[in-house]
Number of protein chains: 2
Amino acid sequence: MKKKITIKQLAAELGVSVSTVSKSLNNSTEISQETREKVQAFAKFYNYRPNNIALSLKNKKTKTIGVIIPEVVHHFFAMVVRGVEQVAVKRGYNVLISLSNESFEKEVINMETFADSLIGGFIISPSKETLKKQDYHHIHQTIEEGMPVVLFDRTVPEINCDKVIVNDSQVAQLATQHLLDKNKKNILLLTTEDYISVGRLRTQGYIKALKLAGIPLENRLIIKTEDSKRSDIILPALESELKTALKENPEIDAILAVNEIYAAAAMRVIRELELNIPEDIALICFTDGVISKYATPPLTTVNQHGTQIGIEAANLLIDRLEQKDISEPSITKVVACEIVERFST
Amino acid sequence: MKKKITIKQLAAELGVSVSTVSKSLNNSTEISQETREKVQAFAKFYNYRPNNIALSLKNKKTKTIGVIIPEVVHHFFAMVVRGVEQVAVKRGYNVLISLSNESFEKEVINMETFADSLIGGFIISPSKETLKKQDYHHIHQTIEEGMPVVLFDRTVPEINCDKVIVNDSQVAQLATQHLLDKNKKNILLLTTEDYISVGRLRTQGYIKALKLAGIPLENRLIIKTEDSKRSDIILPALESELKTALKENPEIDAILAVNEIYAAAAMRVIRELELNIPEDIALICFTDGVISKYATPPLTTVNQHGTQIGIEAANLLIDRLEQKDISEPSITKVVACEIVERFST
DNA sequence: TATTAACACTACAACGTTTTCGTGACTAAC
DNA sequence: GTTAGTCACGAAAACGTTGTAGTGTTAATA
């Protein structure tokens, strides 16, 4: 086993001082061409690579960014991670990942652990529990301590930081319009409680589209799911609620689901009731993931461009890390999503 | 903005030495009860948290483990990450993630970046390209430098390190047997090229099951996919090849797919040919993910317990990091997978 | 009264870097 | 022959922490 070599060892080996080695490796003109070459050759031979920990300590900054998301086993978040990782590598940064598992406590703990100087800044999408509690002290504190934070997807107005969002409301309106265009007039909305910003915004878009089309808003056509914990608990409840709604309101001819999982649940119910997609009921949902792609029929979706969101977020964060002027105002980027038409509408 | 406070600043504030503060915070009996309490109160007031970078440098080890996987946007790998993260948090470690994107070069670069002292050890599933090239110098070198490595899923015999694998061959045999039990005798196998260990092993299990049942092995019933790059390129090719096979061999009454995506492709083809699942063709696949779960009909699958694999891998790695005796022999853990019967068989 | 022991604390080195500020040796100019 | 200037390199501090080895004071023992 050959342990990693340090500058000090290299210096001893070469019979020169530590400073000389350091300067040679950094190609300083202070050192003669000859010595530089010798040192560099030795360094290469011994496979010297600088100790990043020492560098971080010295420079008082790290080349690592922290990503805190509720889940990785979730297509959208995985896409975001991919995007973040992409630009991180390109710009010479590492990515530390932490999963809140939709739990407030875990989010806080993970954030504090990360903030202990391992990390330069955060990219976060808060857990549902955090949003419900509206307790953002950990995020505020991090910002207070001078670490930049970028919020994405689930955004919180009272936090002043860079944000990457999706034009949720607008595209939900578009999606609703898309259904109306297909001559579906009784659209059921499958959404989350309003404390989740994306759910709220999408609901707003839905409402706006109906209003514009002059269709009265029926509250019984909106199913809001509590959505607090794991999907294996809430899905059966959602399915039975939906089933009841469909039975009691046979005029329903379309469903707008706020995410893919809800759409999958909807499909299951529709199948059980022996209705056809899209003839009897059209279906459109957010999140353009594998479920929609490989479903029967493939679903029309709203592609949220998770990778793009990750890219924007990472760039925003790294820009912030590398900028001198700390007082630049916060930026909010909107990533436009688009409707991917398949066969469910 | 209140910057993070250091021991030195605390010491100045309190009018004692740095050592006293350090020892007080660590509750050393060397320091009087009184002083200890005072220091701790101050530390709490100023929200002191130790600088992990400095600790890492001092202790010559970090509390961070690196995970290198081909993709996050992939149910199985996401599950593994979840498992790793779970035990990492529990045991006080951080998780650094890197995506190879199935590229050899990216894998090597990322690994080298990570290895620059940020990380204590690695959990890796090599990229397809790496497996094809059979170039494992980067992994060997890392091990040489004394960093523990745990390989999972895609395993390589010539690397001597801890491993977490799935009893692929055995369970593929079981899956095949499952189809045979349903009275399906002409089973098509949708697999990868042999250089991917999981593909190879599953193929072996398939062959063994047929042999045991006394059914002759037909090479035209095995479709091996190159599978080198992104799925959007290989899937159409796979689909057309499969379609041809199904047309030319109408006796085929079952398909064993080596992963979910292949199964989804198979479903698409079956649908196009207007055949029924499972009556005309039964379908079973590896990876118990969202596609299988929400497909029509829901697919019978082999659950690989990704989370469990991640848990085992992380524990193996952290055990290795924390053990004194460096020369303990390598361990290979087998995580048993099981067949989840749904409606496609 | 002199020695020892306990106590409560401090000084300092070390981890691996970079960088500032020397410091000799040599050369060139006066 | 003195002074100034360049060149090539080294010493040391700093980043934040911990642990070892002091250090001075007081109390107990011989």
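Quantities reported herein were computed from a predicted structural model and do not represent experimental measurements. Chain identifiers are assigned alphabetically (A, B, ...) following the order of the sequence lines, protein sequences preceding nucleic acid strands; residue numbering begins at 1 within each chain.
- In terms of the ring pair (Phe, Tyr, Trp, His ring centres under 6.0 Å) criterion, B:Phe114 has no residue partners (sequence neighbours excluded).
- In this structure, B:Tyr46 and B:Phe42 have tilted ring planes: the angle between them lies in the 30° to 60° band.
- Counted by atom type alone, A:Thr20 and A:Ser17 present one or more donor-acceptor pairs between their side chains at under 3.5 Å.
- Across the interface with DNA chain C, nearest-nucleotide mapping of A:Lys23 and A:Tyr48 shows A:Tyr48 to be the residue nearer the 5′ end.
- C:dT17 atom P lies 17 Å from atom NZ of A:Lys63, rounded to whole Å.
- Considering only side-chain N and O atoms, B:Ser19 lies nowhere under 4.0 angstrom from the phosphate OP1 or OP2 of C:dA11.
- Take the nearest nucleotide of DNA chain D for A:Gly15 and for B:Asn51: the residue whose nucleotide is more 5' is A:Gly15.
- For B:Leu55 and C:dG16, the CG to C1' distance is 15 Å, given to the nearest whole Å.
- Checked against ring pair (Phe, Tyr, Trp, His ring centres under 6.0 Å), A:Tyr93 has no partners two or more places apart in sequence or in another chain.
- Residue pairs satisfying the side chain to side chain donor-acceptor pair (under 3.5 Å) criterion with at least one member in residues 32-42 of chain B, sequence neighbours excluded, are listed as follows: B:Asn27-B:Arg36, B:Ser32-B:Thr35, B:Gln33-B:Glu37.
- In plain terms, the two heavy atoms of B:Glu71 and B:Val73 that are nearest each other are OE1-N, 3.1 Å.
- A 4.0 Å heavy-atom criterion places the boundary nucleotides of DNA chain D facing chain A at D:dA8 to D:dG16, written 5' to 3'.
- Residue-environment remark: CD (A:Glu105) stays at or below the threshold of 12 foreign heavy atoms within 6.0 Å.
- The stretch residues 26-40 of chain A comes close to DNA chain D through A:Glu30, A:Ile31, A:Ser32, A:Thr35, each having a heavy atom under 4.0 Å from the strand.
- In this structure, the CG atom of B:Asp116 is 13 Å from the C1' atom of C:dT17, given to the nearest Å.
- Listed by chain and residue number, nothing satisfies the ring pair (Phe, Tyr, Trp, His ring centres under 6.0 Å) test with A:Tyr136 (two or more places apart in sequence, or in another chain).
- Taking atom CG of A:Leu57 as the reference point, atom P of C:dT17 lies 12 Å away to the nearest angstrom.
- In this structure, B:Val18 reaches the bases: a heavy-atom distance under 4.0 Å links it to at least one base atom across the strands shown.
- Here A:Asp319 pairs with A:Arg91 in a salt bridge; the nearest charged N to carboxylate O distance falls below 4.0 Å.
- For A:Ile7 and C:dT19, the CD1 to C1' distance is 12 Å, given to the nearest whole Å.
- If you check every strand for non-hydrogen atoms under 4.0 Å, B:Lys58 touches a base.
- Residue A:Ser22 is classed as a base contact, given a heavy-atom separation below 4.0 Å to a base.
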